[in-house]
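Each ligand, and each atom within it, is numbered from 1 in the order the structure gives.
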Amino acid sequence: MVDLKQQYLRLKEDIDHAIFETIQKSQFIKGHNFNAFQNELAEYLSVAKLIACGNGTDALQIAMMALDLKPGDEVIVPAFTYVATAEVIGLLGLTPVMVDVDQKTFNITADIIEEAITEKTKLIVPVHLFGQCTDMEPIMKLAGKNNLKVIEDTAQAIGAEYRFSDGESRKAGCIGDIGTTSFFPSKNLGCYGDGGAVFSNNLELAEKMRMVANHGQSVQYVHDIIGINSRLDEIQAAILRVKLQQLDDFALRRNLVANHYDKELSQIEYLEIPYRQANSTHVFHQYTIKVKNNLRNDLKDYLKSKEIPAMIYYPKPLHKQKAFENLGKIVGNLEVSSQLCSEVLSLPIHTEMNLEQLNYITDSIKSFFNGK
Ligand SMILES: *Cc1c(COP(=O)(O)O)cnc(C)c1O
């Protein structure tokens with residue numbers, strides 16, 4: 001699905017230098033690279049403050065811990081997402097309210113959210129799934145009207161850009177109160193281990209998040225609130241500084257792959273290629289097609305027989321997971337989420353794909369559908 005080895009070899013000189021320099025300095029936690037990376041990513045995103053942390057799941061937890069929520073408060077999340085988004089909601093004693101998604105964009109919409117709002121609703125967590133922004137403008141209006149906070153889960157969409165109706169553009173994660181992201185190796189901006197970040201234009205919230213991520217500490221050995229220990233280590237920060245320089249190029253490379261898939265696959269009757277919104281760029285964390293007529297699993301098996309990996313993100317919606325059985329609330333029948341789980345298939349997409357690989361994949365898909 002990704003070729004991290006080939007990417008490393010292409011960037012080897014800079015990455016090796018970054019790693020060895022860190023070891024030579026031997027300041028492994030919160031050194032020069034940690035600070036520089038936070039500033040550089042904040043600048044790239046045009047956001048006031050960014051705090052790097054241990055991983056994308058921690059990032060969501062830190063964000064929610066900074067919001068002064070109380071047990072029983074309701075948090076609206078899409079049912080079609082990675083479990084991490086909702087897991088921390090349960091962990092903090094909050095109530096995940098699982099709502100359906102739009103069948104074209106795979107993301108939640110203001111209309112869907114509106115039906116789920118009650119007196120207990122405090123927070124909305126849109127997920128910019130697969131690399132394209134959730135339609136944030138109507139969601140921010142709705143949140144404002146109902147006095148709700150918004151945390152954007154940007155683990156799959158770092159660098160994507162959303163355009164408002166007045167022409168203003170903002171990067172994913174910088175529209176709501178807080179953005180969170182992950183530097184898991186296969187993410188668009190991935191390190192060589194675990195990493196994540198929270199960011200905000202609200203300086204007060206950012207300071208609270210900095211404290212939460214660092215044992216609730218205001219100044220050294222003074223702990224004002226209960227926090228956690230979540231940090232990005234110096235070697236990962238050094239690697240991420242190198243890769244951040246490449247992030248726009250990574251997105252471009254992924255888009256070239258996506259354009260090729262679009263062109264080759266759009267004519268196949270039983271396939272639906274990813275929908276492209278006019279008001280968001282797409283960074284193609286995943287290239288996810290929908291396969292109709294119950295042919296998804298057969299196609300996946302066929303591709304596997306040709307040594308082509310393809311993955312189902314995600315096979316089960318949150319509301320059908322045992323962990324959420326007695327925890328969350330469900331709004332509506334969530335039929336789109338359920339149907340997507342039976343139709344979606346994500347094809348290999350990464351920064352190192354070549355035309356030969358791409359043609360082999362699209363030819364194989366075409367030959368599967370030949371005669372169907
Ligand atoms: C990867 C991911 C996370 C969690 O990130 P980790 O770094 O693995 O903890 C959260 N939300 C979404 C949508 C993700 O894709």
Side-chain angles (χ1 to χ4, degrees), residues 1-2 4 37 41 50-65 75-92 96 98-99 101-102 105-108 123-134 136 150-160 172-173 175-176 178-199 209 212-213 228-233 236-237 239-240 243 250 254 280 282-288 311-318 321 323-324 337 340-341 344 346 349-350:
M1 295 296 287
V2 290
L4 297 174
F37 172 65
L41 184 54
L50 181 139
I51 299 109
C53 64
N55 56 67
T57 309
D58 278 4
L60 285 157
Q61 182 175 346
I62 292 162
M64 287 181 206
M65 286 175 76
V75 182
I76 296 174
V77 277
F80 186 66
T81 183
Y82 183 55
V83 67
T85 317
E87 186 174 32
V88 291
I89 301 170
L91 196 65
L92 295 174
M98 294 164 272
V99 300
V101 295
D102 177 77
T105 63
F106 310 119
N107 287 326
I108 55 176
L123 171 65
I124 308 167
V125 187
V127 180
H128 307 303
L129 206 69
F130 302 148
Q132 191 168 229
C133 293
T134 299
M136 290 301 291
V150 176
I151 296 174
E152 297 170 68
D153 182 344
T154 315
Q156 301 190 3
I158 194 84
I175 301 162
I178 299 172
T180 69
T181 198
S182 163
F183 308 124
F184 184 79
S186 63
K187 299 279 154 96
N188 286 34
L189 179 59
C191 60
Y192 289 2
D194 273 310
V198 290
F199 42 98
M209 292 195 288
V212 170
I228 61 174
N229 169 27
S230 184
R231 30 187 197 221
L232 181 74
D233 72 66
Q236 301 306 339
I239 293 165
L240 285 166
K243 290 184 71 170
F250 288 169
R254 286 172 176 274
S280 173
H282 203 320
V283 293
F284 282 102
H285 176 60
Q286 300 296 343
Y287 185 91
T288 302
M311 296 290 285
I312 298 168
Y313 303 123
Y314 296 90
K316 219 180 201 191
L318 287 185
Q321 300 283 359
F324 293 95
S337 297
L340 288 176
C341 290
V344 289
S346 298
I349 189 163
H350 55 80

Could you list each N/O atom of ligand 1 together with any protein N/O atom closer than 3.5 Å, one pair per line with the distance?
unit_1	atom_1	unit_2	atom_2	d
ligand 1	5 (O)	Ser182	OG	3.3
ligand 1	7 (O)	Gly56	N	2.8
ligand 1	7 (O)	Ser182	OG	2.7
ligand 1	9 (O)	Asn55	OD1	3.4
ligand 1	9 (O)	Gly56	N	3.3
ligand 1	9 (O)	Thr57	N	2.8
ligand 1	9 (O)	Thr57	OG1	2.5
ligand 1	11 (N)	Asp153	OD1	3.4
ligand 1	11 (N)	Asp153	OD2	2.7
ligand 1	15 (O)	Gln156	NE2	2.8
ligand 1	15 (O)	Lys187	NZ	3.1

Open item on the list: Just to verify, what does Phe106 make a ring-ring contact (aromatic ring centres under 6.0 Å, His included) with, not counting sequence neighbours?
Closed with: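 Phe106 satisfies ring-ring contact (aromatic ring centres under 6.0 Å, His included) with Phe130 once adjacent residues are dropped.
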Open item on the list: Rounded to the nearest 0.5 Å, what separates atom OG in Ser182 from atom CG in Asn188?
Closed with: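 Reported value, rounded in 0.5 Å steps: 10.5 Å.
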Open item on the list: Quick one, Phe284 and Phe250 - any side-chain contact, counting heavy atoms below 4.5 Å?
Closed with: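 They are not in contact (no side-chain heavy atoms under 4.5 Å apart), so the answer is no.
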Task: Heavy atoms from other residues, nucleotides or ligands near OH of Tyr82 exceed 12 (cutoff 6.0 Å) - done: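 Not more than 12 within 6.0 Å, no.
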Task: Pair His128-Glu152, side-chain donor/acceptor within less than 3.5 Å - done: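 His128 vs Glu152: donor-acceptor pair found between side chains.
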TODO: Answer yes if the side chains of Thr154 and Thr181 hold a donor-acceptor pair under 3.5 Å, and no otherwise.
DONE: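 Looking only at side-chain atoms, Thr181 and Thr154 do not form any donor-acceptor pair under 3.5 Å.
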